[in-house]
Amino acid sequence: MLRVLLLTLSVVAIADAELCKPDAQNAFKVRLSIKTALGDNAYAWDANEEYLFKAMVAFAMRRYSSKNTTQISNVLLCNVTDRVSFWFVVTDSSKNVTTVPGSEVEAAIRMNRNRINSAFLLNDKTLQFLKITSTLSPPVEPSTPVWLIVFGVVLCLIVAGIVFLVVAGIQQRKKKNKESTEGENLEEKGEVTVAVENGIPCETLDLKAGHINGVFAADDERFTSL
Amino acid sequence: LSVPPEIPKEDGRPKWDNKFQYILSCIGFAVGLGNVWRFPYLCQIHGGGAFLIPYIIALLFEGIPLLHLELALGQCLRKGSIGAWNSISPYLGGVGAGSWMVSVLVSLYYNTVLTWVMWYFINSFQEPLPWSVCPLNENRTGLNEECYESTAVNYFWYRKTLNITPDVTETGTLQWWLILCLATCWAIVYLCTIRGIETTGKAIYVTALFPYLVLTVFLIHGLTLPGATDGLAYLFTPNLNTLKNPRVWLDAATQIFFSLSLAFGGLIAFASYNPSKNDCEKDAVTVAIVNSVTSLYASIPVFSVLGFKATTGYWDCLDRNIISIINEFDLPEESIIRQNYTAWISFLNSSYPEKISGLKLKSCDLQEFLDQSVSGTGLAFIIFTQAIILMPGSQAWAILFFIMLFCLGLSSMFGNIEGVFTPLLEFPVISKSVPKELLSGIICLICFLIALCFTLGSGSYWIDIFDSYAGSLPLLVIAFFEVIGVVYVYKIKRFSKDVKWMTGRKPNLYWQITWRFISPLLLLIVFVAFVTLQIQKPPSYAAWNPKYEGFPMKEEKVYPPWVLAICVLLAVLPCMFVPLVALFHLIKRVCRSKDPSFVPSEVFSCQGANS
């Protein structure tokens with residue numbers, strides 16, 4: 001009895017070794033970079049972790065094919081290295097000593113990649129299935145590009161500044177014109193009502209021998225016509 | 001009414017609020033983008049600390065004398081470039097017209113560089129920075145091919161910003177985002193120059209001082225980055241052998257010349273708003289020294305950051321090699337680290353040479369990374385942006401960096417626009433009928449419309465053309481005629497007397513010798529050497545062509561004949577004004593000398609202008 005049991009076990013072991021070896025058909029290589037991902041919180045890779053891995057792969061197969069026939073014992077691991085890399089293969093319990101086709105395994109893993117990654121606290125880069133490419137997520141794009149908003153703010157500030165300066169300039173010019181016309185009015189008034197300048201009558205001042213003050217003489221040209 | 005007291009003749013010319021504003025405007029004009037992205041590059045390729053020797057010699061014998069000459073001229077004659085040179089001698093009026101033309105051409109393309117800076121600035125508010133990631137391709141199976149083969153930073157610059165065409169003859173389309181930024185930049189320039197120095201004088205406090213603040217912040221941060229000391233050592237280690245190469249001396253002379261923004265007419269315009277009795281000698285020395293010290297000061301953070309980038313690139317190279325080796329040999333993680341990499345490599349090479357060569361490892365050499373030197377827009381928009389991604393808090397650094405570049409360029413733009421604006425204001429036709437705000441608006445609008453050409457796909461090639469031909473050779477010619485004109489036509493004795501009247505002391509032996517002999521001679525030598533070097537090989541440019549076999553290397557192409565014709569035109573047109581105007585006046589004089597009642601023009605001097 002014992003001998004039969006031993007024989008069966010060894011047959012199974014040899015069969016397993018045949019199914020799971022590097023570059024076997026439908027086998028996949030897995031590579032983990034735990035220290036890179038977790039640093040000081042890195043866990044050691046031991047038999048328990050391997051058990052979890054087998055469980056996750058079985059879970060993925062079950063979810064994908066919804067057949068509920070894949071058992072943990074169907075997932076075979078081999079060639080575990082210090083890198084933490086190994087090969088695995090999924091056997092089909094219904095058909096004897098065959099492996100599930102690689103395409104099915106690949107599709108199952110792809111579908112559940114997120115769950116598998118989070119079980120090990122890793123991501124697509126640190127838990128690599130060497131023949132299975134991951135789909136890239138599109139970059140997040142906000143509805144309005146951010147730069148348009150910033151641009152709008154900057155432009156509004158500048159236009160406000162320009163409008164302010166132009167209006168201030170126009171107002172200043174109007175004020176200067178008003179002041180100069182007021183000055184002209186005052187002068188005319190002065191000459192009509194006050195005929196005496198510093199105690200000297202105006203007529204005597206109006207001598208041809210007198211000097212013409214250049215400041216006032218040039219004034220007439222500076223006044224803008226109404 | 002009482003008779004008002006005698007008013008001293010005021011020419012109604014605007015003036016600076018205070019001396020500090022004037023000095024700051026001159027410094028802002030001189031300190032520009034070239035201090036940040038050309039000087040450190042020259043230092044690096046010409047033997048580090050040894051480059052300072054030709055640089056200081058050029059400063060002493062070319063930079064400071066010419067600067068003093070221009071400031072004294074503007075202050076004495078109290079006119080813009082065209083009016084000033086007409087006053088000195090009608091035959092030299094072409095010098096003023098030439099520098100006016102150069103100011104126009106440079107204003108056109110300089111603001112487009114600021115457009116790029118603004119575009120990067122408004123994109124710096126995004127998380128993550130848009131130049132740090134490659135976009136996906138159409139069917140989302142991988143990264144965009146052009147981006148993947150070069151880098152994300154290159155892709156953002158050449159495709160997303162410039163949308164560059166593979167050839168200068170292919171104009172491409174107008175890029176609407178660049179048009180928006182260009183309009184904004186010209187609006188900013190208009191806002192600041194709307195009333196001439198009244199408004200630029202206020203704006204210059206911010207635009208001239210803020211870059212120093214940012215440079216200091218970058219200096220402090222840069223020195224704390226890993227690899228900064230490697231970069232600095234690489235920059236400043238003197239290699240005296242390079243001084244034997246005449247190219248080094250030529251580069252030093254041209255760098256000083258263009259860095260001080262001489263011969264644009266902007267400095268003459270700034271100085272013309274000064275009171276006559278102002279010590280222009282001290283001003284000139286101050287501005288020149290501050291400009292050179294700023295160049296040195298700016299090269300420290302630039303090279304700290306470049307050293308950081310080189311070190312990070314070197315570490316990345318090592319890490320990638322280490323991962324390949326670990327994966328191939330299934331060694332445990334962290335068994336090979338950077339420090340014992342060389343030991344491991346030699347061990348593995350001896351035991352498994354075929355496997356190692358099969359991995360195709362790249363050779364990682366820190367020196368090679370440090371040697372990747374770039375100047376100009378490449379430094380700011382490719383190298384520096386890449387370094388900023390690696391820093392924590394990259395948005396803040398990017399925003400600070402681009403505001404600094406914008407302020408540096410804007411204060412130089414003020415000088416350029418003043419060089420265009422002030423001479424126009426002196427034409428009585430214009431100053432009487434057109435208010436200042438309208439004139440500056442018209443100038444900005446016309447420049448904006450012409451500069452739309454630079455927002456085409458081939459725009460950046462054209463900017464390189466303008467920079468190399470319009471912004472270089474004519475300036476040398478104009479400066480040469482400036483010195484000859486003042487020293488030999490206006491006569492140095494008269495000029496020395498004018499300077500003595502303004503500053504209170506006669507220009508000493510140093511000024512006499514440099515003005516009379518050394519500066520004109522140096523300018524002539526530099527001009528001849530410059531032209532010789534340009535003629536030696538057919539002018540070529542580096543095009544960004546994704547279909548090129550050597551992509552991401554740039555493709556060397558030669559300019560087609562019609563582009564060469566435009567290059568020659570750009571270089572020759574401003575210079576043409578000098579002989580043409582002289583010839584025009586000569587012909588006029590010959591015709592008039594037949595008229596016996598002709599009176600030769602009166603002697604002109606500084607004191608005469610103000611009495």
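Values in this document were obtained by computation on a predicted structure and should not be read as measured data. Convention: sequence-line order gives letters A, B, ...; per-chain numbering from 1.
No more than 12 heavy atoms of other residues, nucleotides or ligands shown are found within 6.0 angstrom of NZ on A:K176. The environment of B:E145 atom CD is sparse: at most 12 non-hydrogen atoms of other residues, nucleotides or ligands sit within 6.0 angstrom. Dense packing is recorded around OH of B:Y205, with more than 12 heavy atoms of other residues, nucleotides or ligands lying under 6.0 Å away. Within 6.0 Å of atom NZ in A:K125, 12 or fewer heavy atoms from other residues, nucleotides or ligands are found, so the atom counts as exposed in its surroundings. Counted within 6.0 Å of CZ on B:R338, heavy atoms from surrounding residues, nucleotides or ligands total more than 12; the atom is thus considered enclosed. Within a 6.0 Å radius of OH in B:Y148, other residues, nucleotides and ligands contribute 12 heavy atoms or fewer. The environment of CD in B:Q395 is crowded: more than 12 heavy-atom neighbours from other residues, nucleotides or ligands sit within 6.0 Å.
When heavy atoms are compared at a cutoff of 4.5 Å, B:L438 does not approach chain A at all. When heavy atoms are compared at a cutoff of 4.5 Å, B:E333 approaches chain A by way of both its backbone and its side chain. Using a 4.5 Å cut-off between heavy atoms, A:A168 contacts chain B through both its backbone and its side chain. Residue A:V84 does not touch chain B at all, counting heavy-atom pairs closer than 4.5 Å. Contact annotation for A:L130: neither backbone nor side-chain heavy atoms come within less than 4.5 Å of a heavy atom of chain B. Residue B:S335: no heavy atom, backbone or side chain, is found under 4.5 Å from chain A. For B:I194, the part sitting under 4.5 Å from any heavy atom of chain A is the side chain, from C-beta outward, and nothing else.
Distance check, rounded to the nearest 0.5 Å: CG of B:D330 to CG of A:N79 gives 9.0 Å. We find the CD-CD1 distance between B:Q126 and A:I149 to be 10.0 Å, quoted to the nearest 0.5 Å. Considering CD1 of B:I326 and OG of A:S85, their distance stands at 11.5 Å, rounded to 0.5 Å. One distance of note links OG1 of B:T184 with CG of A:L157; it measures 11.5 Å at 0.5 Å rounding. How far CG of B:L180 is from CG of A:L155: 8.0 Å, rounded to the nearest 0.5 Å. Interatomic distance, NZ of A:K29 versus CG of B:N327, reported as 7.5 Å (0.5 Å rounding).
Under the 4.5 Å side-chain criterion, counting only non-hydrogen atoms from C-beta, B:Y190 is in contact with A:V166. At a threshold of 4.5 Å between non-hydrogen side-chain atoms, the residues A:L165 and B:R195 count as touching.
Among A:I170, A:T81, A:I162, A:V159, the residue making the largest number of heavy-atom pairs under 4.5 Å with chain B is A:I162.
Residues B:L331 and A:R83 come closest through the heavy atom pair O-CD, 3.2 Å.
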